[in-house]
Amino acid sequence: MFIKEALMRRTLILAIASMLLVTGPALAGTLDQIKESGTFRIGFRTDAAPFSYLNAIEEPSGYSVSLCHTIGLGLEAFLGMEKLNIEFVPVTAADRFEAITNGKIDLLCGATTATLSRREKVDFSIPTFVDGAGVMFHKDGPSSFDQLAGRN
């Protein structure tokens, strides 16, 4: 168990350090603010299961919430802090990016598509979930997406 925890902690520290190298001063400023305040604010959606949601006892839950909480624990070690308060802040699909740019949260926790227009506003980590879709047509059926317009 000890080896697994040590390996996980080292991996998190390397991930945080590599983010510092990639994003430079902006992230360094955020880390300074986190260390000064003693609080790491994680934005999460309450309605995006299984990634991020409120569970039956109204606590943040889900795959992304667990991942972000683990990042918070690694951040505590990386910053050399005895205790880092991890605070989950509810956000919506409409205000999640504004919450980052306005400093309401330090990290957005959840499944979000990284688009060029969003990259102009915020930085994205490496992907933690990849999804896709495909379509098959019968050879005697529609041959384009246009022919599917208005159909289920």
Side-chain angles (χ1 to χ4, degrees), residues 1-31 34 39-78 84 86-152:
M1 184 72 167
F2 176 74
I3 293 172
K4 184 178 179 182
E5 289 174 7
L7 180 60
M8 185 172 75
R9 189 173 293 268
R10 243 184 266 146
T11 302
L12 284 170
I13 291 170
L14 287 172
I16 292 168
S18 69
M19 287 189 316
L20 272 173
L21 294 173
V22 172
T23 59
L27 182 60
T30 300
L31 292 176
I34 291 168
T39 301
F40 180 45
R41 297 162 304 164
I42 301 170
F44 79 102
R45 297 264 310 273
T46 60
D47 60 351
F51 300 102
S52 172
Y53 62 95
L54 285 176
N55 64 19
I57 57 173
E58 301 293 311
E59 292 177 340
S61 293
Y63 170 76
S64 295
V65 170
S66 294
L67 180 63
C68 290
H69 186 263
T70 302
I71 290 170
L73 297 175
L75 190 57
E76 180 179 76
F78 179 77
L84 177 63
I86 300 173
E87 178 183 327
F88 285 92
V89 179
V91 296
T92 65
D95 72 1
R96 58 193 167 160
F97 297 112
E98 186 177 306
I100 293 174
T101 59
N102 290 342
K104 181 179 175 183
I105 60 174
D106 303 309
L107 178 71
L108 177 60
C109 172
T112 301
T113 304
T115 65
L116 290 176
S117 61
R118 289 176 177 170
R119 286 183 183 274
E120 290 176 2
K121 297 177 186 176
V122 297
D123 291 325
F124 284 84
S125 69
I126 58 172
T128 58
F129 179 79
V130 178
D131 190 18
V135 177
M136 291 178 60
F137 294 108
H138 285 279
K139 65 179 164 180
D140 59 340
S143 59
S144 73
F145 285 109
D146 292 336
Q147 292 175 344
L148 294 176
R151 300 175 85 186
N152 292 335

Problem - Smallest separation among heavy atoms of Asn55 and Ser61, with atom names - result: ND2-OG, 2.9 Å
Practice task
Please round to the nearest 0.5 Å and tell me the distance separating atom CZ of Phe97 and atom CD1 of Ile105.
Solution key: 9.5 Å
Exercise for the section: Please check if the side chain of Gln147 supplies one atom and the backbone of Ser143 the other of a donor-acceptor pair under 3.5 Å. Expected result: yes
Exercise for the section: State, to 0.1 Å, how close Thr101 and Lys121 come at their nearest heavy-atom pair, and which atoms those are. Expected result: CG2-O, 3.8 Å
Fill in the blank from the handout: Note: Val91 and Ala99 closest approach over all heavy atoms is CG1-CB, 3.9 Å
Fill in the blank from the handout: Tightest non-hydrogen contact, residues Pro60 and Phe44, listed as CG-CZ, 3.7 Å
Practice task
Report yes if some heavy atom in the side chain of Phe88 is under 4.5 Å from a heavy atom in the side chain of Glu59; otherwise report no.
Solution key: no
Practice task
Look up atom SG in Cys68 and atom CG in Leu75, then write down how far apart they are to the nearest 0.5 Å.
Solution key: 11.5 Å
Practice task
For residues Ser52 and Arg45, report the shortest heavy-atom separation together with the two atoms involved.
Solution key: OG-O, 2.7 Å
Practice task
Give a yes or no on whether the backbone of Leu54 and the side-chain of Thr46 come within a donor-acceptor separation of less than 3.5 Å.
Solution key: no
Problem - Student check: side-chain heavy atoms of Pro142 and Phe137 closer than 4.5 Å - result: yes
Fill in the blank from the handout: Here the gap from Arg41 atom CZ to Asp106 atom CG, rounded to the nearest 0.5 Å, amounts to 4.0 Å
Exercise for the section: Enter the distance from Leu73:CG to Ile86:CD1 here, rounded to the nearest 0.5 Å. Expected result: 4.5 Å
Exercise for the section: Would you give the length of the straight line joining atom CD1 of Ile71 to atom OG of Ser64, rounded to the nearest 0.5 angstrom? Expected result: 9.5 Å
Problem - OH on Tyr53 to CD on Glu58, rounded to 0.5 Å - result: 12.0 Å
